Amino acid sequence: MEHQRCIECEEIELARVRDELPQQTMPVPYAALDGFPAGKSSHELTRRKLLQWGIAGTASIYGAQQLGWDQVWESVANANEAATDKCLVLIYLAGGNDGLNWILPNEAKDYGAYVTARPMIHRAQGLSTAERVGSKPLPGAGGAALSFANTIVSKNGGGDNSDPRFQFAAGGEGYGLDTLFGDGSGGTGSDLAIMPAVDAKQYSLSHFDNSDIWFAASNDQNTKTGWLGRWIDRNGSSDNPLQAISIDTALSKAIRTDSKPVCAIPSLPMSGFTHSQSSFGGTNTNLNAQVRDLAALQAGAGNAYLARSRGTYGLAYTTYERIQSLTAVPSPTPTPTATPVPIAYPNNSTLSARLKTAATLLAANLGTRIITIHWGGFDTHTGQLVAQDRQMAEFSRALAAFRADLQARGIEQRVATLAFSEFGRRVRENGTGTEAGTDHGAGGLMFAMGSGVRGGFASDWPGCELNELVPTNNPGQGNLKVPTDYRSVYKAVLDEWLGEENSQSLLGGPTIESLVRGDGLQGRRLFK
């Protein structure tokens, strides 16, 4: 049976701005990604000069007014001079991710209730078997209440996220959420905060409504700006649309502004010479080496046209090499005591490709403060285990690879990553056998990652016994209670990471409570 999914639930279009077209489009030159090597005077920032190296991609710009070419690139060049500001990468797991099968209850009564509610899709305690994925208790204060599913634990940590069935690229055996979580103490090396059961206090189980609540940080459906868009309006540049970027074909609602310019960039494609046979069932052939050799041949005397064409090919190849160095994943810096291990993203699919693009853009020092990435496929009404396990493993490896990528580029200390979904799933499963899945439910799972993040068990866990659900003792309709308002997490991000002095006015609504950590750590709630 083909797994049927709710199209409207999974549709990433919900998270994109569709009732407003971009004001303009503008090429992003490779010269900007390379730090303006020819210089940053107005003479060197002309359209002709910057486009000589070629175009990395195209930015669709959203804002209140048209921007001039010189105006934009002078602003970007100025930002390039002082690239020390903290940045945020926002990852949206579209469709309603079932956090209960990522981070599951571990305490005896809680775990028993979880198994009873999910006879087909629950995780075992301990090592995985051929029949069922296992789990590993979270280390650190308070962590014994919860466990990692082994599909997000690295191979080196005893987990399954390198299982051959996922067919990931070679390497990355040390990449997993366990390696980011560390000892769960919130200190050095404990760089992943896990926040279960986070949602709007007045949530909706409609993807349309709840995703809008999360992106706008408001229950008012007439609110058009995003929570980070309002921060950009208050603190951002009037000339630099690269200050907030959606790596997508359209703008994320989270960074929709009222006045300041922001943009969407789908990708940064590589240049070069390739013979594509994909339309005929073949593969692409890289011809850059042949073009290099052809360009090196000297034209005969008097053959000016051939000399010119070979010179053009030579320039194109030189540009290709330079561009390749800009967009390639860097090698880790060697240390006296260890051989560097190559950074290995799990694959070249949407998540890995967009995280690589994010790393390239952040390393280019273009004044970028916010990057958004949307990744769908989490609406698991049926066939949940097969679909979700792969995405769990991919996410855990890609997130750890992204952190290693940022470290190799020397910028990780100023980048934090926040991942969320519009809600979670019901405690009780649907269906039977391999077709079992889960319905829309309250209380999603959030992650914050980065060396500046105070890792550990960072929000309250409400329990999932029958008498702890909402409605109480209702196995069919029971949802997790929501002890943590999502705006409490947003407040911590704005106040502690981005340096906002009045987050309440940006987020609006009732007074926002401070985040209550499940591990009992006091002081700064989410960041070190």
Side-chain angles (χ1 to χ4, degrees), residues 96-126 128 132-152 181 184 193-205 210 378 380-381 384-385 388 392 420-421 423-432 436-447 456-486 488-489 513 515-520:
N97 178 41
D98 177 29
L100 270 176
N101 264 22
W102 291 55
I103 306 294
L104 56 138
N106 188 54
E107 184 273 328
K109 289 184 179 180
D110 228 12
Y111 180 74
Y114 161 79
V115 172
T116 299
R118 298 182 167 207
M120 298 297 162
I121 67 171
H122 72 271
R123 312 303 194 178
Q125 291 180 311
S128 300
R132 192 173 298 279
V133 169
S135 60
K136 178 180 182 179
L138 270 60
L146 299 170
S147 294
F148 288 113
N150 283 346
T151 40
I152 54 177
F181 192 77
I194 290 173
M195 294 167 280
V198 181
D199 211 331
K201 290 293 182 125
Q202 296 179 353
Y203 57 81
S204 165
L205 297 184
N210 228 49
F378 292 90
T380 50
H381 290 280
Q384 177 168 314
L385 289 183
Q388 193 191 36
M392 292 169 64
F420 73 102
S421 193
F423 46 57
R425 315 295 290 188
R426 288 261 169 81
V427 175
R428 186 173 184 173
E429 67 186 30
N430 300 323
T432 59
T438 47
D439 201 356
H440 306 172
L445 174 64
M446 296 186 76
F447 299 105
F457 177 18
S459 72
D460 199 7
W461 164 246
C464 65
E465 294 180 56
L466 268 178
N467 64 326
E468 296 170 324
L469 303 182
V470 181
T472 304
N473 293 314
N474 186 329
Q477 299 296 316
N479 284 299
L480 293 176
K481 290 180 182 176
V482 179
T484 303
D485 185 348
Y486 72 109
S488 299
V489 180
E513 300 172 352
L515 186 66
V516 176
R517 294 181 63 103
D519 53 21

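Bear in mind that the values here come from a model prediction, so they are computed numbers and not experimental data.
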Please test Met120 against Leu385 for side chain to side chain contact (heavy atoms under 4.5 Å, CB included), starting from the C-alpha separation and ending with a verdict. CA-CA 9 Å; Met120 298 297 162; Leu385 289 183; over 6 Å; no
Do Leu138 and Phe148 come close enough that some side-chain heavy atom pair is under 4.5 Å? yes
Please round to the nearest 0.5 Å and tell me the distance separating atom CD of Glu429 and atom CG of Leu100. 12.0 Å
What is the distance from atom CG of Asn106 to atom CH2 of Trp461, rounded to the nearest 0.5 Å? 11.0 Å
Do the side-chain N and O atoms of Tyr114 and Asn101 include a donor-acceptor pair separated by under 3.5 angstrom? yes
Report yes if the side chains of Met195 and Arg517 come closer than 4.5 Å at any heavy-atom pair, otherwise no. no
CD of Gln388 to CZ of Arg425, rounded to nearest 0.5 Å, is 9.0 Å
Mind checking whether Arg118 and Asp98 have side chains closer than 4.5 Å, heavy atoms only? yes
State, to 0.1 Å, how close Ser204 and Phe423 come at their nearest heavy-atom pair, and which atoms those are. O-CD2, 3.7 Å
Where Ser459 and Leu515 come nearest, the two heavy atoms and their spacing: CB-CD1, 4.3 Å
Just wondering, are more than 12 heavy atoms of other shown residues or ligands nearer than 6.0 Å to CZ in Arg428? no
Quick one: CG on Leu480 to SG on Cys464, what's the gap to the nearest 0.5 Å? 7.0 Å
Is there a donor-acceptor pair under 3.5 Å between the side chain of Ser128 and the backbone N or O of Val133? no
OG (Ser147) and CD1 (Ile103) are apart, to the nearest 0.5 Å, by 8.5 Å
Minimal heavy-atom distance between Ala458 and Ala193, with the atoms involved, is CB-CB, 3.8 Å
Test item: Lys481 and Asp460 side chains (from C-beta on) under 4.5 Å apart, heavy atoms: no
Taking the side chain as everything from C-beta on, heavy atoms only, tell me whether Ile194 gets closer than 4.5 Å to Phe447. yes
Return the orientation label for the His381 and His440 ring planes: parallel under 30°, perpendicular over 60°, tilted otherwise. tilted
Arg132 and Pro119 have their tightest heavy-atom pair at NH2-O, 3.6 Å
Is there a side-chain contact between Thr151 and Arg123 (heavy atoms, below 4.5 Å)? yes
Report the distance from atom OG of Ser488 to atom CE of Met446, rounding to the nearest 0.5 Å. 10.5 Å
Are Thr438 and Thr380 close enough that some pair of their side-chain heavy atoms sits under 4.5 Å apart? yes
Show your working on side chain to side chain contact (heavy atoms under 4.5 Å, CB included) between His122 and Leu104 and close with a plain yes or no. CA-CA 9 Å; His122 72 271; Leu104 56 138; over 6 Å; no
Nearest heavy atoms of Trp102 and Ile152, plus distance in Å: O-CD1, 3.6 Å
Heavy-atom closest pair (Tyr203 atom, Ala442 atom, distance to 0.1 Å) is CZ-CB, 3.4 Å
Within-4.5 Å side-chain heavy-atom neighbours: Leu146 and Pro196: yes
